[in-house]
Amino acid sequence: MEWGMVNELRAVEWVGDGLRLIDQTVLPGRFEHLDVRDTGTLVDAIRRLVVRGAPALGVAGAFGVVIAMIEAERQGWDDAERDAAVERIRTARPTAVNLAAGIDRVVPFVPKGVEAVVAEAQKLLDEDVLGNRAIGKAGADWILARAGKRPLRVLTHCNTGALATAGWGTAFGVIRELSELGALEVVYADETRPLLQGSRLTAWELEQVGIPYLVQADGAAASTILRGLVDVAIIGADRIAANGDTANKIGSVGVALACADAGIPFMVAAPWSTIDLSTPSGAGIPIEERPGDEVLAWAGNPVAPEGARGFNPAFDVVPARLVTALVTETGVLEVSEGVTPRD
């Protein structure tokens, strides 16, 4: 792949009669697309993490409604069968609120026809890209106002770049903004077990845009922070409760605890659509449990004894008291100081 048009990378894209996804399960070894023209394929792609990341899932969900409408016409479904297909997309992954939000955004346009739903879904995609740029600027400005414009060492967990969004990135967008301002020294990219979204995806994106980085084991993150090697940690989010509790990829809590002990900022970067004001606290966020095999094997090769059982929660919840700053396209909320989305 030629990355010359990095700003135009699209993890999710409508191509006239279907959805084109970058297959994130085969990166970085191969760059391939998966074309989706039926709801079964889309549900499978979401569950297998062909497409992943809360904002990207929101866009995929919105276009998934279009796919369900076209499939209903092709298969002769009635409205109830079409709506059932949409519901299967909605529930393909339970933690990321953006998936359902993207669907809800376009459903009111269904009576107006396919073209109207496509237009609204594309509007959502375009808004996400613009919002990501605003997140990047607001987050970088907040950090530099406290740290000064000096080469900063940033730690991030999981993948929050163009692959996880409609384009540019959330936490990754803050990192890119810092880099463009000449204020970034290096990024510590946690590998992000068990599916290695950090080493496979974040490192790949950092490589393409020329940002210096180091890949580290998840278990090294706390030590790296406590040794004074990190100035700020920046992560994304899959759902944020009204009080600021934040669900993100498993391993985020350990990073937040280490930042609190070290006295450095822990920033969450996410679009406002990731905030679920109907959920008062993190206790109400459903935590997806993925197949145990993901932690018992890698690339089909066992890494645990035969008969072992795997425990594989995909997310954890960072308490609001540990979130120094929550940055959205609307600005920055200092959550640990008591400024929360519900205020």
Side-chain angles (χ1 to χ4, degrees), residues 1-39 41-46 48-67 70 89 92-93 96 98-99 101-103 105-106 114-115 117-136 158-177 197 200-211 236 238 269-271 273-274 329:
M1 173 198 174
E2 293 294 331
W3 186 273
M5 305 299 286
V6 63
N7 292 348
E8 297 181 12
L9 178 70
R10 293 289 182 264
V12 183
E13 186 176 17
W14 187 255
V15 290
D17 61 348
L19 197 56
R20 177 162 291 173
L21 308 174
I22 294 175
D23 187 345
Q24 298 184 38
T25 67
V26 299
L27 284 169
R30 304 193 307 275
F31 185 88
E32 297 177 357
H33 286 99
L34 174 68
D35 289 327
V36 178
R37 291 181 173 82
D38 63 85
T39 53
T41 300
L42 180 57
V43 168
D44 178 68
I46 292 170
R48 290 194 299 112
L49 309 187
V50 170
V51 59
R52 41 147 298 281
L57 287 173
V59 175
F63 282 117
V65 175
V66 183
I67 289 173
I70 295 173
I89 299 170
R93 296 197 72 190
N98 297 65
L99 177 57
I103 290 171
R105 166 80 176 260
V106 302
V114 167
E115 291 186 6
V117 180
V118 169
E120 190 63 18
Q122 184 62 45
K123 184 178 178 182
L124 174 63
L125 186 156
D126 295 339
E127 288 173 0
D128 187 66
V129 176
L130 292 174
N132 286 349
R133 295 301 296 258
I135 288 169
C158 199
N159 173 259
T160 59
L163 291 171
T165 64
W168 190 253
T170 53
F172 195 92
V174 178
I175 291 169
R176 292 178 71 171
E177 184 75 15
Q197 293 99 321
R200 291 192 305 108
L201 306 179
T202 298
W204 183 76
E205 289 200 58
L206 290 166
E207 182 78 24
Q208 307 310 312
V209 296
I211 294 177
D238 287 83
S273 58
T274 304
E329 66 272 28

Look at the side chain of Thr274 and the backbone N and O of Asp238, then say whether any donor-acceptor pair between them is shorter than 3.5 Å. no

Within this structure, what is the CG-CG distance for the pair Leu206 and Leu201, rounded to the nearest 0.5 Å? 11.0 Å

Say you draw a straight line from CD1 of Ile89 to CG of Leu42; how long is it, rounded to the nearest 0.5 Å? 5.0 Å

Leu125 versus Trp14: any side-chain heavy-atom pair under 4.5 Å? no

Rounded to the nearest 0.5 Å, what separates atom CD1 in Ile67 from atom CG in Leu19? 4.5 Å

Within the structure provided, determine whether Leu21 and Val12 are in side-chain contact (heavy-atom separation under 4.5 Å). yes

Can you see which heavy atom on Ala270 is nearest to which on Thr170, and at what distance? CA-CG2, 4.3 Å

Spacing of Leu124 atom CG and Ile103 atom CD1 [to the nearest 0.5 Å]: 11.5 Å

What heavy-atom pair brings Cys158 and Gln197 nearest, and what distance separates the two atoms? SG-CB, 3.8 Å

Heavy atoms of Thr160 and Gly236 approach each other most closely as CG2-N, 3.6 Å

Please determine whether side-chain contact (heavy atoms from CB on, under 4.5 Å) holds for the pair Ile22 and His33, giving the CA-CA distance in whole Å, both sets of side-chain angles, and the decisive distance to 0.1 Å. CA-CA 5 Å; Ile22 294 175; His33 286 99; 3.8 Å; yes

For Asp38, which residues count as a salt bridge (charged side-chain N to carboxylate O under 4.0 Å, His left out) partner, sequence neighbours excluded? none

Less than 4.5 Å apart, any side-chain heavy atom of Ile135 and any of Phe172? no

Side chains of Pro271 and Asn98 in contact at under 4.5 Å (non-hydrogen atoms): yes

Does a side-chain heavy-atom distance below 4.5 Å link Val129 with Arg10? yes

Any chance you could measure Ile46, atom CD1, to Arg93, atom CZ, to the nearest 0.5 Å? 9.0 Å

With heavy-atom distances below 4.5 Å as the criterion, would you say the side chains of Arg105 and Lys123 are in contact? yes

State the CG-CH2 distance between Leu9 and Trp168, to the nearest 0.5 angstrom. 12.0 Å

Which residues pass the side-chain hydrogen bond (donor to acceptor under 3.5 Å, both in side chains) test with Arg200, not counting sequence neighbours? none

Would you say Ile70 and Val114 make side-chain contact, with heavy atoms under 4.5 Å? yes

What side-chain donor-acceptor pairs closer than 3.5 Å can you find for residues 49-65, not counting sequence neighbours?
from, atom 1, to, atom 2, distance (Å)
Arg52, NH1, Gln24, OE1, 2.7
Arg52, NH1, Asn159, OD1, 3.1
Arg52, NH2, Asn159, O, 2.7

